[in-house]
Amino acid sequence: MVAFISEKQRVRSILLFVFLFSTSFFYGSAQTITTKGPEIGMDEGARVTVLGEDDNNIYFSAVDKSVYGNDDDEFFVTVYNKKSRSVVMENEFDEDYGFSTAFMADDKAVLLCSSFNKKNKSMDFFQYAFPIMNKIKGKIVPKVAYSVPIESKKYNLSRVLLSPDGQTLAYLTYLEPSDQSVEEYTIDVMVRGVDGREIAHTREKVRGEKPYVVEGYLANDGTVYVEEHHYIDRNKTLRFVTITTDQQYKPMQIEEDMEGLHNMHTALLADQRLMMFGATKNGVGMIILDKSGEVDKSGIYEVKIPDLPEGVKYDYDAYNEDKFAFKPYQILSLQDGRFLVLAHQHRSILVSNGNSVRAYNDHKNLYIFLFDKDLEPLAFVTRPFGTQSSGNNHEDLPVAFEWNGETRLLFNGQVSNYTGGPKREWKVLSATKPSERCLVLGKLDDDLHFEPKIIRNPSPNMPFTLGIYFEQLLKVTDDAVYIIDHRNSDNCIEEIRK
């Protein structure tokens, strides 16, 4: 029996850990994947936004990360033709423009950025619009869409937020006093429709230390959720703030039981509430914020998070140790109202060869949680999974999605793990061994049993490069799953079809 602990009810019970290990492995499947799809300009780990789709094309933008994995770099707007399987238009804008996101307005792509205006002492938000099927030539001139006067303050942080339906924008600005001894900051939030109409404008002075990083989430109705990263007494701390459509500034009040929640992943749910999911001392927990800024639901689940899947060990000894951190990374709202959460164990390591330093991300285990529409726990499983990704941008992890009413997992796998029956020694997929990498697609049933199927085998003539691997999901339609693959030194678009 699993009891949910609401914000008003503190009843704890034990969620029994059940390890469900699929004994059925499949070689080949009814699904087919295209090969040698068209190359695109974006790099690994780019932030991709699908701008629109029609019978012929998928329109999307992508902003590259810097080599350090955090700052925005080049920006791309790409048109992919589904019928010809070709890129029919692609425009690249270098990092000097600072574009961070985009939306579609009729047949135009509208690019968004922000910049500090030293002359006018203001924070200016810019837009640049062009027909999406046109090739851009010559110098472009963005126009100011919104400006925040700095006055006696100085610029600290800014963000442009886009709602999931692509119809609403929020210009988010943090200002700090020129006097560093004053512990306060100002937050300015302007919410507008993409047609320019004003929905809400909130300006709030906040006492305390300013955040050093902010992330924002914009609901379709104009509600803004802000995730603030602070240093409090030299410790990294998260705070959450809601800016409501009636211009209320609402910091979240966390009850005592939830203060131990850490390593959180945050996502905007399909119903436009904000969900935070993370680790606790004895399991996992969650907080749901509604659009009024109130804690709609919170819960702690006392569940054993195993360091190793039952009966399985990894062939790489370091993966059998406990020097990894539990980390949720995807929250998926299912069409029937249920919720799926994926998590893993993670660590970052640096390797030096004397001349240079290379970053690696180690990923261990796959934890899958299923909740009903009231966020009561339904099932939890731990699956063996081990990959090592190279560099700061690419995270080699399974992604969950729905396709024609079925929940699927898609990921890069070590081919021998998915052939020849169940495994007790699980092989870690190394970033430096492309000859062992396959692509796995499988279904999750209501009990989280998983049926893995290899849909792409390693190439028998693999060149001495990083080969080909699944990079990220682009778009899911009734007919196909469109993915971005990394092939040798480039990215390309491939399709998975039934």
Side-chain angles (χ1 to χ4, degrees), residues 15 17-19 21 44-45 68-70 213 229 231 233-238 259-266 276-286 300-331 341-354 356-369 380-399 409 411-414 416-417 423-433 436-437 466 469:
L15 177 64
F17 164 70
V18 180
F19 172 69
F21 184 80
E44 293 176 289
Y68 301 104
N70 47 17
V213 172
H229 296 244
Y231 275 114
D233 297 329
R234 298 184 179 180
N235 295 316
K236 293 182 179 180
T237 304
L238 282 184
E259 288 182 352
L261 195 63
H262 61 279
N263 288 356
M264 285 188 285
H265 178 71
T266 307
M276 293 141 272
F277 189 96
T280 63
K281 182 179 180 180
N282 297 311
V284 298
M286 70 172 67
I300 294 175
Y301 304 101
E302 290 190 350
V303 53
K304 177 178 173 57
I305 305 295
D307 187 57
L308 289 174
E310 188 175 289
V312 173
K313 285 194 173 182
Y314 294 97
D315 68 330
Y316 183 17
D317 286 341
Y319 275 63
N320 298 312
E321 300 173 354
D322 59 359
K323 297 178 181 179
F324 287 72
F326 175 85
K327 185 179 179 182
Y329 68 89
Q330 185 182 4
I331 298 171
V341 179
L342 301 187
H344 67 124
Q345 297 276 1
H346 171 265
R347 70 175 179 182
S348 295
I349 58 175
L350 297 176
V351 177
S352 173
N353 62 7
S356 62
V357 177
R358 185 70 172 174
Y360 289 91
N361 286 295
D362 287 346
H363 313 290
K364 167 187 167 184
N365 300 344
L366 177 62
Y367 304 106
I368 310 175
F369 302 83
F380 165 58
V381 300
T382 301
R383 288 196 52 80
F385 182 80
T387 65
Q388 184 180 79
S389 53
S390 176
N392 290 313
N393 291 337
H394 176 63
E395 290 282 352
D396 201 353
L397 289 167
V399 60
L409 290 179
F411 54 91
N412 300 303
Q414 210 277 10
S416 65
N417 290 330
K423 308 295 178 183
R424 293 306 170 191
E425 182 180 73
W426 201 262
K427 294 185 180 297
V428 175
L429 179 61
S430 170
T432 59
K433 294 182 179 179
E436 298 175 348
R437 187 186 296 120
L466 290 180
Y469 54 84

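Taking the side chain to side chain contact (heavy atoms under 4.5 Å, CB included) definition, one finds that Ser352 meets it with Val357, sequence neighbours left out. Under the salt bridge (charged side-chain N to carboxylate O under 4.0 Å, His left out) criterion, Asp315 pairs with no residue at all, not counting sequence neighbours. The side chain to side chain contact (heavy atoms under 4.5 Å, CB included) check on Asn263 picks up Ala325, with sequence neighbours excluded. Remark: Gln388 engages Asp362 in a side chain to side chain donor-acceptor pair (under 3.5 Å) (not counting sequence neighbours). Applying the side chain to side chain donor-acceptor pair (under 3.5 Å) test to His344 and every residue at least two apart in sequence or in another chain returns nothing. In terms of the side chain to side chain donor-acceptor pair (under 3.5 Å) criterion, residue partners of Asn365 (sequence neighbours excluded) are, by chain and number, Tyr314, Tyr367. In this view, Thr266 and Tyr217, Glu227, Phe240, Leu274, Met276 satisfy the side chain to side chain contact (heavy atoms under 4.5 Å, CB included) rule, not counting sequence neighbours. Considering only residues two or more places apart in sequence or on other chains, Lys433 meets the side chain to side chain contact (heavy atoms under 4.5 Å, CB included) condition with Ser430, Glu436. Here Thr237 pairs with nothing under the side chain to side chain donor-acceptor pair (under 3.5 Å) rule; sequence neighbours left out.
Between the Lys364 side chain and the Ala318 main chain, no donor and acceptor come within less than 3.5 Å of each other. Here the side chain of Asn417 pairs a donor or acceptor atom with the backbone of Lys427 at under 3.5 angstrom. Not one N or O on the side chain of Ser390 forms a donor-acceptor pair closer than 3.5 Å with the backbone of Ala431.
Asn412 CG to His394 NE2: the interatomic distance, rounded to the nearest 0.5 Å, is 6.0 Å. Residue Met286 holds its CE atom at 5.5 Å from CZ of Phe277, rounded to the nearest 0.5 Å. In this structure, Lys323 NZ and Arg347 CZ are separated by 8.0 Å, a value rounded to the nearest 0.5 Å. A distance of 9.0 Å separates CZ of Phe326 from OG1 of Thr280, quoted to the nearest 0.5 Å. Put simply, OH on Tyr329 and CG on Leu397 are 5.0 Å apart, with the number rounded to the nearest 0.5 Å.
Here the closest non-hydrogen pair linking Asp322 and Asp307 is CA-OD1, 3.5 Å. Closest of all the heavy-atom pairs between Thr387 and Tyr319 is O-OH, 3.0 Å. Across all their heavy atoms, Pro328 and Gly278 have their closest contact at CG-CA, 4.0 Å. Phe411 approaches Pro398 most closely through the heavy-atom pair CB-CA, 3.5 Å.
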Would Asp396 and Tyr469 count as a side-chain contact (heavy atoms from CB on, under 4.5 Å) here? Give the steps.
CA-CA 9 Å; Asp396 201 353; Tyr469 54 84; 5.7 Å; no

Using side-chain contact (heavy atoms from CB on, under 4.5 Å), reason through Tyr301 and Phe380 one step at a time and then give a plain yes or no.
CA-CA 11 Å; Tyr301 304 101; Phe380 165 58; over 6 Å; no

Are Ile368 and Leu409 close enough, and set up right, to give a side-chain contact (heavy atoms from CB on, under 4.5 Å), and what steps lead you there?
CA-CA 11 Å; Ile368 310 175; Leu409 290 179; 4.1 Å; yes

For Lys327 and Gln345, what are the C-alpha separation, side-chain angles and deciding distance, and is it a side-chain contact (heavy atoms from CB on, under 4.5 Å)?
CA-CA 6 Å; Lys327 185 179 179 182; Gln345 297 276 1; over 6 Å; no

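Looking only at side-chain heavy atoms (C-beta outward), Asn361 and His346 come within less than 4.5 Å of each other.
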